[in-house]
Every structure is written in C-alpha cells, then in structure tokens.
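Chain letters run A, B, ... following the sequence lines, proteins first and then strands; every chain starts at 1. Just so it is clear, the model here is predicted, and its values are computed rather than measured.
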Amino acid sequence: MPGSCPRLASTSEIGGDFALIDHYGRPVTKADYAGRYMLLFFGFTHCRVVCPRALGRISEALDLLGTSACLIQPLYVSVDPARDTPAVMKAFLCERFPRFVGLTGTEEATTAAKSAFRVFAQRRDDADDADGYAMPHTALTYLLDPDGAFVTHFPDTIDAPGLAARLRDILDMSR
Amino acid sequence: MRLAERQQGGDSALELKPLSQDVDAIRARSEAPSLDVVQAGSLRRILELSERLPDDWSGMLGPTTLQEDFGALRFQLAYMAYVLALTHAHRLPAAPVVFQKPFDNFIQKILSPDVWTYWHYVSTGRGPFNKSLGELPAQWNPVEVDNIMYSAYVQSMALMYHYLFRDPKYARPGALSFSIKPLFWGEGGKLFLYDETSLNDHIYWNMVERGYLGIACEPNCIFQVCNQIPIIGFRFHDLVYGGNLAREVTDGYLAAWSEFGILNEMGHYNMMIQERERTLITPDQAPWADFWMAALMHAWNPDFVREHYPKQMAAWRMDGPDGTLTIRPVRSIAPNRPELISARDFGWAAVCASEVGDEETLARMLRYADSMLQPTWERGSYYYPRQDEPVNASGMPITMDPHTGNVLLAYARLNVPGGLAKLYDGVWNDEHFAEPAVVGMSSGIDVRQAWFDNATGMLSLAFAPRDQRALAAEFEIGRFWGRGTWTILLDDVAVASGDPGTVLSSTGGIAVRREDERLVIALPLNGLTSVLVVWDRSDAR
C-alpha cells in the first residue's frame, strides 16, 4: 500500500555491460567502475535544456552527500556520438560538470548501451541548433550498484535534495 | 421525530434499545446513493456475464472474426471490470461481495487464449498501417512486444483489483500466466508467466524506450486511446505500491505528443502514429476516437478534455425522435470491410458524457437507447442485443454490438460525473477498509444500496430479489463489532439491536446472529427492502 517501497523494475531487464570510450579516449566497460556505485545519465552535449538541468541536479545532489559522494561515479553517456567525440565531451564536462566522466563510442556501441538501459533517443530537425538537429532523449538517471547491477532509477522531476536523500538511504542500507 | 419502535409478534420477548439519533435527520444527511431498477439490471447483465463458464462467450460475439475490432472480447471484459470498479467505488462501496469475485472472474477470462491468440496472426503485420515493416515473425507471447491493446488491460485490471479489494492475488509470481495447451499440435503448448508488478515493469520500460509516445497496438500503430490504459494501470500501481510512475509517464506523454498534437487542427483527437514513419493517421469520420479518448484521458487530464468536449459532441450529435439524441452514422474505418458498422460511436459518446458530467446529453442518449435499440430484460439483466441492421425505416441508426449493448451503455448508466477521474485520484484509504460492509450474501439477490456513512454511523443497505421472486435471504456484514450499541431497521422499523459484542434482541421475522467477526442477518425478501444499521454514537461520547 502507499508508502511501501516501489518495485520499479525487474533488475534482469535493465542494464547490462557496455563497451565505450571515456572522455580521456580510453576504452572502458562497466567493470572499470566496479567497486563504486554508478550513476548514469544519457544525453548529448548540444542539449540546451534537459541535460544541463539534469547534470546540474546530479552534481548538486552529490555535493549534498559530502564525502559519501566518493562512493558514486557519475557517468554521462552520449546518444549523439557523431558530434560527441571524447574531446568534445571532456571540454563540456570539465568546464561545467567536473564530477562526471563522459562516455561515447561508435554508433553501434552507443546504440547497444541505449538498448541495454531502454533509453529512447531520436534525431529530430532543430532550426535553433547550429548543426540543424537535436536528439530528444530519455531523461532518467540510472543507479547501478558496485557490482554493476541495476538498483533503481530516478525521474527527471526529482530535485537535488530529493535525489541526495534517496542516494543516502541506498548507501546507508548497503553499509 | 424519534423513531417509534414496533414490536412484531412471533419472536421472543424483546427489548429494543431506543435510538438516540433522529433517523429522518440521519437519512437526509447521509445521501446514500442507490441503484434504480435499470441500473441494477445493467449491473446484473455484467455480473451474469462474469459467471459464465470459462470460454462461454455467448452474447458477446460481434460480426468480426479473430478478435480484431474495437468490441473484441478483451475490450468487453476489461470495461466490464472497469464498470464494476466505478459502481463499487461510487455507488455501492459497502458491498465488496457484489464485485470482488466477478472482477476476478474477468481477469481470469481475459487470460484465456480465446482472448489473446489473435496476436499470433496480428503480430505478423502487413496490415494497412504497417506494410512498410514487411512480414514480421509471428509472436505467441501477447505482452512481450507491442499489443498494448491487450497487455495494458491485463495490467490495469490486476492492479485495479489489488487496489479495490486489497487482495495481492496477482502479485504472486506467475499469477498472470498466458498459457495455451493445444491437444494436437505445439509440443506442449506455450506458457508465459508474469505477475502484476513484472507486467507493469515490462510495460513501463517499453513506454520509456519509446520516449513516452506510447506502445504500439498492431506493429507500427501507436494509438492514443490504447495508451491511456497503461497510464491508468501505472496509477493503480502507484496507489498500491507507492511511487509516481503515472505522473512521470503523463508528463512524458504530453511532451512526446506535443510534436504531433493530441488534437488535430479541427479539434478532434488524433487517432494514431505510424511508429516507423512517425506520421499521424486520423480518419476524418471517427466519433469514437474523440469520445473514447476523452472518456479515458479525463482520468488524468480533465481540464483539457472538458475544454474540447463541447465542440466534439456538437460535431457528431444528431437529434432523435421525442427529444432523444444519437450520434450521426459515419463510414466504417475498416478499409477492407466497409460494411462493418457498430454502435460504438454512440456507446463511447454516452460513456464520455457520463464522465465529463454532461447529464442532459447522457439522459437524452439513454432515452434513445431505451426507445430505439431493443432494450431487453432477461432474468433480471438489462441489455441491448446485437443488431446488424444499420438504420430503421425512418433512417435512424439502430445498430447494436455486444460491446455497446453489454458494456458501454451500462458504463454510462452506472458511472458518476468524473467517476474515472475520482477513481484515478484514489477513492479509498485505510478507513474504508475498516468500515462495515456486506462481505457475504446468499444467491438470487440484487444489492441496490450499500453505503456506510462514518459521520452518522449508519450503514444503509437495500436489497431486492432478482426476478421479483420472494426468497429467503441471508447477508453477512463484516467489520461489524466493537462500534458501540446498534439497532437494525427493516424498512424503517427497528427489528434488532445489540451491544458492541452481542446480539441482544431481534423481531419482525428476521434472525440475527454473530458469527466470528461478522453479523449474519436472515430474512424473507419479498421486494425492495431497506436494511439500516445505526450505531449509537452517544455511546462513544
């Protein structure tokens, strides 16, 4: 009944491995982040509204966690690999959201990652974009445990204190 | 006035406790709703269909094959369950005994392979709106991919059942199983196991993966109306388990459909999007698309629906004889079956009018149905039988299909203004499930009133023998004891009383006894009979 813990997903359905390139140009898989929780957000660096808002919210939530934030690795996965090269992602993240590591890769590799997390992203014409297109996308934030298993996800409507509180609860439960 | 007690002979010497409340005043305040004769008959039809033996679909089959059209078994079964939910929530909340088993029966029936094996054929595509995908591999699992026109009904019914009756039956692993066991082919058949949360999760992630635009019915065909159902299911998931899936999905839905428009430039609901081509398909003659959409979307987007409803109704309505109202006939939407017509434009318009609270239109439409569409009484059931002729000698529409005749007009008649919206918001809390209610009943009885008013401490019940045949009736009232001293009035005459734990006296030809946590009342039922249980609140002060 209301108030009990929501069961949002079958853990077997969401997640899986990925093989991408981090924003330093190194090939990485999920195993490279084992031992820490992973907080994944899918987006693209040309995104004007959704991504800056979400990355800012996640950054603020991690700030609110204080030293516990070191237990969590935030990852920003591109749905627009044609434009989001490692160098582009590094410049974007280091300047504005330095907690994040950016992940990109080939079209096939990023498509596989999207599919594993059931992410929607679709190219659409956008006259306001310099290249003439945008990539509307799912705005969920996914949490994986230190073994890489899906724990839960957070909607775009959650605020930074709310996200911090949920993360703190999960970290506390694992101790 | 203070109620005069009437001592009737035939029983032991009695000392009925005087009531401290003014019963007339209590009655006036309680405003307990009751079913009229036609509403009771409409409900009876649905209850009767719920009691049919498995896979007996007599009276429910329309003119199309392969469960393809909008009146297919899955729609009838689901919307009959919705009617039970609405009637229980808004009209007879203190009578779960009337609704729980029939609702469960409908869930069992919608799991029948008769209802879902159409998917093996429909999943192969090559229809008018999905030719571009080519021939697709035939699917057996009816909820895995697409087919939201089936999967979401199962999802929403199971979660609605859990919410309404606090029964986690369908939360058990494998409780929602899709099984077919052929006798002469298939090497053991097919079995797909889900439960209410795994199915809900599956549908949710399919929705996420499609950017909340919706999940297809037939491959490539994302119908707006069919994606209202999973939203209703998500809401009942949230009401049962907590969380905010429904809000997340409706926010996403509005954003996704802003690219295409929920309405077209004429103010009518867009019917569907071809998923691959991302193009809209909206017939110019589809009253059902307006009214079905509006009736369901009103659950979560009521202001939008009410803003556009008057213009939509004005576009499709047609005056009938003697102040009645109907919906003007339009072309069939089936491209290869132009002769196919149904009454569902009319049926969904009536449902929509009931939901948005357009009571004048609803009354005029029901008068049209009752005068023009062969209303039929059959063993206490009221319905409109199938009629394949399009118009009568005067050119007025007279078609009737089982979905409209069994279900939609009953829905319209039993709903209340904003009924689905109120259900969506959440009608009950812990207090409801602690209130006294009819939890057991002998057969052959219609419940016409069942309402507990916590403010007055009064349980208002009314019963009638089905078919007007006198019978010996027995009712069990659960959660009865420990509320103070009480008095039972039979047609406003005090006939029994007791204290918080025991029956002290009874008379007037009724027998009253305690059985565990229930009070059992046995009485002869000769006609519509009011049973009023009044707890004396002065005891509590």
Legend entry - Whether over 12 other heavy atoms sit under 6.0 Å from Arg479(B) CZ: yes

Legend entry - Contact origin within Arg278(B) toward chain A - heavy atom pairs under 4.5 Å: side chain

Legend entry - Spatial distance of atom CD1 (Ile14(A)) from atom CG (Asp201(B)) [nearest 0.5 Å]: 8.5 Å

Legend entry - Any Arg118(A) side-chain heavy atom under 4.5 Å of Asn206(B) side chain: yes

Inset, instruction - Give a yes or no on whether a salt bridge exists between Glu259(B) and Arg124(A), defined as a side-chain N under 4.0 angstrom from a carboxylate O. - result: yes

Inset, instruction - Search all heavy atoms of Val208(B) against all heavy atoms of Thr138(A) and return the closest pair with its distance. - result: O-OG1, 3.6 Å

Inset, instruction - Would you name the heavy atoms of Glu248(B) and Pro155(A) that are closest together and state the gap between them? - result: OE1-CB, 3.8 Å

Inset, instruction - Please report the closest heavy-atom contact between Trp205(B) and Phe117(A), naming both atoms and the distance. - result: CZ3-O, 4.0 Å

Legend entry - Glu209(B) to Phe120(A) - nearest heavy-atom pair and separation: O-CB, 3.2 Å

